[in-house]
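What follows is a set of notes on a single structure, which appears directly below.
Numbering starts at 1 and runs along the sequence shown. Just so it is clear, the values below take in all heavy atoms, side chains as well, and ignore hydrogens, waters and symmetry mates.
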Amino acid sequence: MKFEKYHGLGNDYYIYDCQKYDYLLSKQQIKLLCDRHYGMGSDGILIGPVFKDGMIGLRIMNPDGSEAEKSGNGVRIFAKYLKDSGYVTDDFCTLDTIGGPVAIKYLNEEGTMIEASMGHLSFSSVDIGMPGPATEVINQTFVFGDRDYRCTCVSVGNPHCIIPVEKVSKELVTTIGKHAETASYWPNRINTQIMEVIDRCNIRIEIFERGAGYTLASGSSACAAAAAAYKLGLTEPSLNVHMPGGVLEIHINKDWNVTMTGKVLRIGSFTLSEEFMRDYKLDLTW
């Protein structure tokens with residue numbers, strides 16, 4: 001079995017092409033394959049393509065074996081793979097995710113620079129997955145551990161909790177994120193970003209992803225943080241989101257639809273060895 005590996009700003013995924021292989025990966029196998037010490041190592045596995053009704057479907061699997069509704073870097077990586085493998089020859093395509101359709105536009109011949117329309121931004125507690133009466137979750141107080149934090153929550157097809165701070169750091173987002181991810185406010189868990197405003201057109205974030213932990217970059221997180229910053233009146237609707245892995249350009253229109261633009265690169269191929277499959281009792285046969 002061969003996997004193709006890509007990264008978007010240090011957020012790395014393997015592609016499992018289900019047109020070539022029809023074996024259904026289990027949750028435990030995904031966890032093992034994503035392990036950076038005992039497996040191939042990645043922030044997740046993208047499974048597809050599935051062709052239906054003019055769209056190309058994919059599944060986005062987290063390294064803990066759970067499934068994500070949407071991933072900004074994941075959809076751009078998958079779009080790059082579709083172009084590299086010849087599935088897409090036009091300058092555009094539409095991807096179907098659990099979190100909604102994503103319109104893709106290739107901005108150069110190699111497909112390394114991609115614009116993705118990530119859909120509608122929602123601050124509704126219902127869309128974010130919070131129990132109780134519907135309300136907009138803007139600048140509300142939540143308790144994580146033994147501390148209060150002022151948070152704005154956003155759905156980009158998947159849920160995010162954004163916390164403005166004076167100075168972002170890996171240590172701070174990891175501390176908060178471990179509490180926030182499994183807090184009772186969100187029965188289906190949540191992604192956490194801490195946000196530092198640089199100026200009206202630039203913010204800096206650190207990210208703790210649901211099902212993945214600390215990550216260098218996240219497209220949906222960048223969209224959500226930009227939405228929170230704009231909603232709070234801290235920035236313009238077009239801005240750059242700086243992450244440890246790099247920068248994404250985010251634009252929010254008057255209807256609160258969001259697009260992002262950024263770079264994706266192919267790393268190479270990875271083939272599982274027979275002894276690896278034998279040792280871990282992986283029955284990956286067709």
Between [X] and [Y], is any pair of side-chain heavy atoms under 4.5 Å apart?
| X | Y | result |
| --- | --- | --- |
| Ile252 | Leu121 | yes |
| Val258 | Ile250 | yes |
| Ile98 | Glu67 | yes |
| Ile45 | Leu33 | yes |
| Pro131 | Pro187 | yes |
| Tyr149 | Val143 | no |
| Ile114 | Lys80 | yes |
| Pro164 | Met195 | yes |

(request) Compute the ring centroids of Phe142 and Tyr185, then answer whether they are less than 6.0 Å apart. (result) yes
(message) Ring centroids only, cut at 6.0 angstrom: are Phe51 and Tyr87 within range, meaning strictly under it?
(response) yes
(request) Start with the C-alpha gap between Thr97 and Val75, add the side-chain angles, then the distance that decides, and say whether side-chain contact (heavy atoms from CB on, under 4.5 Å) holds. (result) CA-CA 9 Å; Thr97 72; Val75 295; 3.9 Å; yes
Does [X] use its side chain to pair, donor to acceptor, with the backbone of [Y] at less than 3.5 Å?
| X | Y | result |
| --- | --- | --- |
| Glu4 | Arg266 | no |
| Ser117 | Gly119 | no |
| Lys5 | Gly41 | yes |
| His179 | Asp146 | no |
| Asn73 | Asn11 | no |
| Arg76 | Gly262 | yes |

Using a distance-only test with no angle check, is there a side-chain donor-acceptor pair under 3.5 angstrom linking [X] and [Y]?
| X | Y | value |
| --- | --- | --- |
| Ser122 | Asp127 | yes |
| Thr112 | Tyr106 | no |
| Ser218 | Glu209 | yes |
| Glu115 | Thr259 | no |

Hey, could you give me the [atom1]/[atom2] distance between [X] and [Y], rounded to the nearest 0.5 Å?
| X | Y | atom1 | atom2 | result |
| --- | --- | --- | --- | --- |
| Phe92 | Lys105 | CZ | NZ | 10.5 Å |
| Lys52 | Asp96 | NZ | CG | 8.0 Å |
| Glu249 | Leu239 | CD | CG | 10.0 Å |
| Ser66 | Ile60 | OG | CD1 | 11.5 Å |
| Leu95 | Ile104 | CG | CD1 | 5.0 Å |
| Asn257 | His251 | CG | NE2 | 9.5 Å |

[X] versus [Y], closest heavy-atom pair with distance:
| X | Y | value |
| --- | --- | --- |
| Cys161 | Trp186 | SG-CH2, 4.1 Å |
| Gly8 | Ile77 | N-CD1, 3.6 Å |
| Thr192 | Ala180 | OG1-CB, 3.3 Å |
| Ser220 | Asn158 | OG-ND2, 3.3 Å |
| Gln193 | Ser221 | NE2-OG, 3.0 Å |
| Leu82 | Pro49 | CD2-CB, 3.9 Å |

(message) Set out, in order, the CA-CA distance, both residues' side-chain angles and the distance that settles side-chain contact (heavy atoms from CB on, under 4.5 Å) for Leu216 and Leu9, then state yes or no.
(response) CA-CA 7 Å; Leu216 295 177; Leu9 309 183; over 6 Å; no
(request) Can you sort out the partners of Thr141 under side-chain contact (heavy atoms from CB on, under 4.5 Å), two or more places apart, ordered by chain and number? (result) Asp148, Arg150
(request) Could you list all the salt bridge (Lys or Arg N to Asp or Glu O under 4.0 Å) pairs where at least one residue sits in residues 176-205, not counting sequence neighbours? (result) Asp64-Arg189, Glu181-Arg189, Glu196-Arg204, Arg200-Glu236
(request) Test Cys34 against Ile30 for side-chain contact (heavy atoms from CB on, under 4.5 Å), laying out the working first. (result) CA-CA 6 Å; Cys34 290; Ile30 290 168; 4.2 Å; yes
Between [Y] and [X], does any NZ, NE, NH1 or NH2 come within less than 4.0 Å of an OD or OE carboxylate oxygen?
| X | Y | value |
| --- | --- | --- |
| Glu69 | Arg210 | yes |
| Lys83 | Asp90 | no |
| Lys31 | Asp35 | no |

Tell me whether [Y] is reachable from [X] by hopping between hydrophobic residues (I, L, V, M, F, W, Y) whose side-chain heavy atoms are closer than 4.5 Å.
| X | Y | value |
| --- | --- | --- |
| Val154 | Leu232 | yes |
| Val156 | Ile203 | yes |
| Phe3 | Met277 | yes |
| Val264 | Val241 | yes |
| Val137 | Val165 | yes |

(message) Ile194 and side chain to side chain contact (heavy atoms under 4.5 Å, CB included): which single residue from Thr175, Val173, Ile162 fits?
(response) Val173
(request) Kindly indicate, with the supporting measurements, whether the criterion side-chain contact (heavy atoms from CB on, under 4.5 Å) is fulfilled by Tyr14 and Leu46. (result) CA-CA 6 Å; Tyr14 280 99; Leu46 306 175; over 6 Å; no
(message) Both conditions, 6.0 Å and 45 degrees, for the charged tip of Lys170 above the ring of Tyr214: are they met here?
(response) yes
(message) On the six-membered ring of Phe123, is Lys231 placed so that its NZ or CZ lies under 6.0 angstrom from the centre and within 45° of the ring axis?
(response) yes
(message) Per the ring-ring contact (aromatic ring centres under 6.0 Å, His included) rule, what does the pair list look like for residues 221-246, sequence neighbours excluded?
(response) Tyr230-Trp256
